[in-house]
Amino acid sequence: EVRLVESGGGLVQAGGSLRLSCAASGFTFDGYAIGWIRQAPGKEREGVACYSTTDGGVRYADPVKARVTVSFDNAKNTVYLHMNSLKPEDTAVYYCHANAVIGGLATEYRELWGQGTLVTVSS
C-alpha cells in the first residue's frame, strides 16, 4: 500500500514551534512534489508550502513564509514542515500532498493525500 503518514500536530501556545512530518510509506518521494495544505475551522483550504524533489525548490505562502521552513530527509523518506512563532490563526488541520508523473509502460499521474494532523495554537 502506498500512503502518506502525517504526524507532529498538537496543542501549542502562541509563539511556540512545531514540526510536522510527512512520511512516504510504500514508495519513495523521488520525482514527487510535496505540498502542505491547511484548513482552518469554517475556512477554505489554503496552501502553506511546497517542495520539489527534482530540483530542491521550495515555495512558501506569503502569510507564513517568514515563519516556516520545509526540509527533506531522503534517508527517512520524510518531508518536514517546521513552524515557528505560531499564531492562533495558524490553527488548522494540516495535510500533506504529493504528486508526480511516473514513466513506465504508460505514463501515470500519481497523487496522494495524508490523513491530516491537527495544529491548535492557543493565545
Side-chain angles (χ1 to χ4, degrees):
E1 179 184 15
V2 295
R3 60 190 180 120
L4 300 179
V5 182
E6 295 186 48
S7 62
L11 175 63
V12 63
Q13 293 184 355
S17 300
L18 211 58
R19 186 186 73 171
L20 307 184
S21 300
C22 176
S25 179
F27 73 107
T28 67
F29 275 130
D30 188 32
Y32 280 80
I34 303 97
W36 288 96
I37 302 95
R38 68 184 183 184
Q39 185 167 30
K43 304 295 183 180
E44 297 180 352
R45 288 186 176 183
E46 63 175 349
V48 178
C50 62
Y51 172 80
S52 173
T53 60
T54 61
D55 60 9
V58 182
R59 294 183 293 156
Y60 301 103
D62 286 341
V64 301
K65 62 182 180 181
R67 302 182 292 112
V68 305
T69 302
V70 171
S71 62
F72 175 53
D73 189 332
N74 186 58
K76 295 184 177 180
N77 204 22
T78 300
V79 173
Y80 301 96
L81 179 68
H82 303 261
M83 301 186 292
N84 306 306
S85 302
L86 285 164
K87 304 175 180 180
E89 50 263 44
D90 293 319
T91 296
V93 176
Y94 285 71
Y95 297 92
C96 178
H97 176 266
N99 68 84
V101 177
I102 307 299
L105 293 177
T107 300
E108 178 185 0
Y109 173 74
R110 297 181 181 177
E111 181 180 23
L112 295 167
W113 285 92
Q115 81 279 10
T117 184
L118 176 63
V119 172
T120 302
V121 184
S122 64
S123 59

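Sequential numbering from 1 along the given sequence is applied to the chain's residues.
With hydrogens and angles disregarded, no donor-acceptor distance shorter than 3.5 Å links the side chain of Gln39 to the backbone of Val93. For the pair Thr53 (side chain) and Tyr32 (backbone), a donor-acceptor distance under 3.5 Å is present.
With sequence neighbours excluded, no residue forms a salt bridge (charged side-chain N to carboxylate O under 4.0 Å, His left out) with Glu1. Residues meeting the salt bridge (charged side-chain N to carboxylate O under 4.0 Å, His left out) test with Arg45, sequence neighbours left out: none. For Ala49, the side chain to side chain contact (heavy atoms under 4.5 Å, CB included) partners two or more places apart in sequence, or in a different chain, are Tyr60, Val70, Leu81. Every residue two or more places apart in sequence or in another chain that forms a side chain to side chain contact (heavy atoms under 4.5 Å, CB included) with Thr28 is listed here: Asp30, Asn77. Contacts of Glu89 classified as salt bridge (charged side-chain N to carboxylate O under 4.0 Å, His left out), with partners at least two apart in sequence or in another chain: none. The side chain to side chain contact (heavy atoms under 4.5 Å, CB included) test applied to Ser85 returns Arg67, not counting sequence neighbours.
The stretch residues 59-91 participates, sequence neighbours left out, in no disulfide (SG to SG under 2.5 Å) pair at all. Sequence neighbours left out, the pairs with a member in residues 51-63 that pass salt bridge (charged side-chain N to carboxylate O under 4.0 Å, His left out) are Asp62-Lys65. A ring-ring contact (aromatic ring centres under 6.0 Å, His included) check over residues 65-96, counting only residues at least two apart or in different chains, returns the pairs Tyr51-Phe72. Listed by first and then second residue, the disulfide (SG to SG under 2.5 Å) pairs involving residues 58-123 are Cys22-Cys96 (not counting sequence neighbours). Counting only residues at least two apart or on different chains, no side-chain hydrogen bond (donor to acceptor under 3.5 Å, both in side chains) pair has a member in residues 112-123. Residue pairs that meet the disulfide (SG to SG under 2.5 Å) test with at least one member in residues 34-90, sequence neighbours left out, do not exist here.
Residue Gly31 comes nearest to Ala100 through the heavy atom pair O-CB, 3.4 Å, listed as atom of the first residue, atom of the second, then distance. The minimum heavy-atom distance between Ser21 and Thr78, with the atom names listed, is CB-CG2, 4.0 Å. Considering all non-hydrogen atoms of both residues, Ser17 and Asn84 come closest at OG-OD1, 3.2 Å.
A chain of hydrophobic side-chain contacts below 4.5 Å, direct or via other Ile, Leu, Val, Met, Phe, Trp or Tyr residues, connects Leu18 to Val68. Val79 and Val2 end up in the same hydrophobic cluster when Ile, Leu, Val, Met, Phe, Trp and Tyr side chains are linked at under 4.5 Å.
Between Leu112 and Phe27, some side-chain heavy-atom pair lies under the 4.5 Å cut-off. With a 4.5 Å cut-off on side-chain heavy atoms, Val12 and Met83 do not count as touching.
Summarising the local packing, CD of Gln13 is surrounded by 12 or fewer heavy atoms from other residues, nucleotides or ligands at distances under 6.0 Å.
Atoms CZ and CD1, on Arg110 and Ile102 in that order, are 5.0 Å from each other to the nearest 0.5 Å. A distance of 8.0 Å separates CG of Leu118 from OG1 of Thr91, quoted to the nearest 0.5 Å. Note: Leu4 CG to Glu111 CD = 10.0 Å, rounded to the nearest 0.5 Å.
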Discussion item. Between Asp73 and Phe29, is the side chain to side chain contact (heavy atoms under 4.5 Å, CB included) condition met? List the steps.
Written reply: CA-CA 10 Å; Asp73 189 332; Phe29 275 130; over 6 Å; no

